[in-house]
Amino acid sequence: MRKKWHRFKNSYFLYSFKRDWIAVASFVVFITLVFVSLASPVLAPYDPYDSSSIDVMDAEIPPSWMEGGEERFLFGTDIQGRDLLSTMFYGMRLSVFIGCGAVLLQAFIGILIGMISGYLGGKVDAFLMRIADVQLSFSTMMVAIIISAIFQVAFGVGRYEELAAPLLIIIIGLAEWPQYARTVRASVLGEKSKEYVEAARVIGLSPRRIRWRHILPNALSPVLVISTIQVANAVMSEAALSFLGLGMPITKPSLGSLINAGFEYIFSGSWWITLFPGILLVIFVLVVNLLGDWLRDVMNPKLYKG
Amino acid sequence: MQHLLDVKDLEVTFALRTGSLIAIHGVNFTVDKGERVGLVGESGAGKSVTGFAIINLISKPGYISNGSVLFNGRDLASLSDEEMRHIRGNRISMIFQDPMMTLNPVLTIGTQMIETLQAHLKISKTDAADIALEKLHKVHIPSPEKRLRQYPHEFSGGMRQRIVVAIALLVDPSLIIADEPTTALDVTIQAEIMDLLRELCESEDTGLILITHDLGVVAQITEKVVVMYSGNIVEMGTTTEIIENPRHPYTKGLIQAIPDKRNPGERLNQIPGVMPTLMDIPPGCSFHPRCTIKGEICTREIPKLKEIDSTGKIVACHMVSAEGEVQ
């Protein structure tokens with residue numbers, strides 16, 4: 001364990017990380033946001049899911065530094081009288097959870113299909129990749145909307161709202177797997193003609209073992225890189241779906257549904273309900289993307305801008 | 001006596017869009033238990049394809065179109081993929097040219113060795129690790145216990161090739177096919193690896209097919225030489241016979257092309273021209289455009305392998321006979 005830590009301390013990975021202040025800053029912000037969202041039940045001053053603690057009379061109180069603001073609600077309250085800061089914490093927790101879950105699902109489907117497609121080649125490859133092409137020729141948002149509309153009909157709106165978080169994971173996962181499948185396929189194609197694969201075949205290993213134990217780990221580094229960007233994308237997709245009213249219900253708001261809820265009141269002066277969750281969302285997506293950019297530079301020295 | 005490996009009329013065809021190309025035209029040779037055979041020729045002569053054909057692993061669009069490869073009497077060309085997998089790496093191992101490429105960069109040496117053992121034998125991880133250690137000892141890797149946990153990039157080229165040799169030896173195969181095992185290594189390490197291969201083959205009584213273009217290496221460790229030119233065997237015999245008394249003009253050319261330390265500074269001999277591509281093999285003897293002793297018959301008729309003297313050497317050339325060169 002200590003040896004591993006030592007190795008990590010001396011790695012190029014850490015070295016290039018420390019030299020890049022944007023990456024360091026993004027990482028600090030990212031970790032803070034993730035920590036805050038995971039610890040939201042402890043950190044948040046109120047529990048937005050507990051309807052008994054909410055008083056409708058507190059609705060639309062502006063942020064505390066403004067006229068009419070109250071000490072106990074730092075960023076003001078939303079239209080139902082919930083403390084906006086607490087709701088944002090809980091909302092971000094949901095967004096991060098859905099984003100990561102969706103990326104895991106995408107990665108699972110994408111790696112499976114990309115590997116089969118790249119390794120077997122021929123007709124299987126052509127068939128799977130055409131499916132991916134067809135899906136990519138729709139916008140992912142459209143696919144997500146169609147799937148979520150189908151789910152809403154299938155489960156009924158009430159049930160859909162209960163199951164919204166896992167369903168959103170499935171929806172976003174199904175909508176964006178082709179990105180993964182293509183990346184994995186491309187790098188599997190590159191790896192499978194290398195000599196160590198030939199050597200593994202000569203040794204007499206089974207094709208399954210060659211695929212998953214030998215080719216996959218070698219093909220994974222581009223997958224790691226797109227994963228970060230996909231997390232940001234998934235969080236945005238979730239926000240967009242919620243904004244369109246197809247995502248999280250307002251009783252369990254994610255950042256997207258908060259923005260949506262506040263949007264209706266923006267012209268009546270309650271701009272804070274939309275603005276603060278919006279800023280939080282932008283910051284989160286931005287740092288994840290910056291980290292992804294840095295990771296791509298490290299993983300692919302060819303792109304390194306010396 | 002049954003041969004360990006008996007290649008009979010082996011023909012390999014590549015089915016291309018433009019038509020099929022025959023890469024190997026009916027090759028015959030045998031390897032006995034513990035025998036070391038050199039397969040020699042220029043690039044493109046079909047040496048490696050022959051090697052891959054033996055373990056039935058020619059990459060598409062190539063396939064064995066005729067003939068058989070009898071290994072202990074069983075025809076490898078007719079086995080199913082599943083059965084063939086039990087032969088590969090188990091009864092027949094292969095060593096490749098570039099040790100930088102043949103080890104998987106993301107798995108430790110130990111993992112790769114244990115995995116090989118477990119693919120062929122029903123043994124536990126610890127037993128497999130013991131065998132791996134023993135083999136690493138055999139190829140003279142210092143402190144193998146530590147080395148097992150390391151990744152390929154932590155080894156030098158010569159060390160890696162020794163590990164590749166150790167992997168090839170893991171399951172005690174009865175035949176090793178070494179495809180230019182030292183081409184990517186520097187000269188001092190070449191000799192070291194060759195000595196190692198020879199020593200191991202001798203002590204385990206393992207057959208060896210050494211595919212190379214380096215006649216010096218062949219002279220060093222093999223007992224029999226097969227010279228190939230554009231998919232045909234042009235000369236075959238014992239190593240001493242071939243090196244000291246080559247008969248086919250191509251073999252002669254190859255031997256004259258070896259640098260000689262007796263005349264330093266002298267220009268090396270070279271065989272004029274290049275090997276024909278498979279697309280346009282000249283009619284008759286495929287070597288005739290480059291041949292120094294060709295006659296009229298060479299442009300018409302494909303020469304057959306014939307025995308020309310009592311040493312058992314066989315040559316495919318119209319112009320050589322027992323008495324001498326041109327008839």
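Below, read A as the first sequence line, B as the second, and so on, with proteins coming before strands; counting in each chain starts at 1.
Separating the CZ atom in R85(B) from the CD1 atom in I203(A) is a distance of 13.0 Å, to the nearest 0.5 Å.
For L170(B), no part lies near chain A; criterion is any non-hydrogen pair under 4.5 Å. For L103(B), the part lying near chain A is the backbone, with the side chain staying farther off; criterion is any non-hydrogen pair under 4.5 Å. Contacts of H86(B) with chain A are absent, with no heavy-atom separation under 4.5 Å from either backbone or side chain.
Surrounding CZ of F17(A) are more than 12 heavy atoms belonging to other residues, nucleotides or ligands, all under 6.0 Å away. The 12-atom threshold is not exceeded at CG of D81(B), counting heavy atoms of other residues, nucleotides or ligands nearer than 6.0 Å.
Considering every non-hydrogen atom in both Y196(A) and N104(B), the closest pair reads CE1-ND2, 3.6 Å. Among all heavy-atom pairs drawn from A119(B) and G204(A), the shortest one is CB-O, 4.4 Å. V202(A) approaches F96(B) most closely through the heavy-atom pair CG2-CZ, 3.6 Å. The shortest non-hydrogen separation linking V106(B) to P217(A) is CG2-CB, 3.5 Å.
Of the listed residues (I215(A), L205(A), V197(A)), the one with the most heavy-atom contacts under 4.5 Å to chain B is L205(A).
Within the 4.5 Å cutoff, the side chain of R213(A) has heavy atoms near those of the T111(B) side chain.
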Review point. After noting the C-alpha distance and the side-chain angles of H214(A) and E115(B), does the key distance pass the side chain to side chain contact (heavy atoms under 4.5 Å, CB included) rule?
Key: CA-CA 11 Å; H214(A) 287 246; E115(B) 176 180 72; 2.6 Å; yes
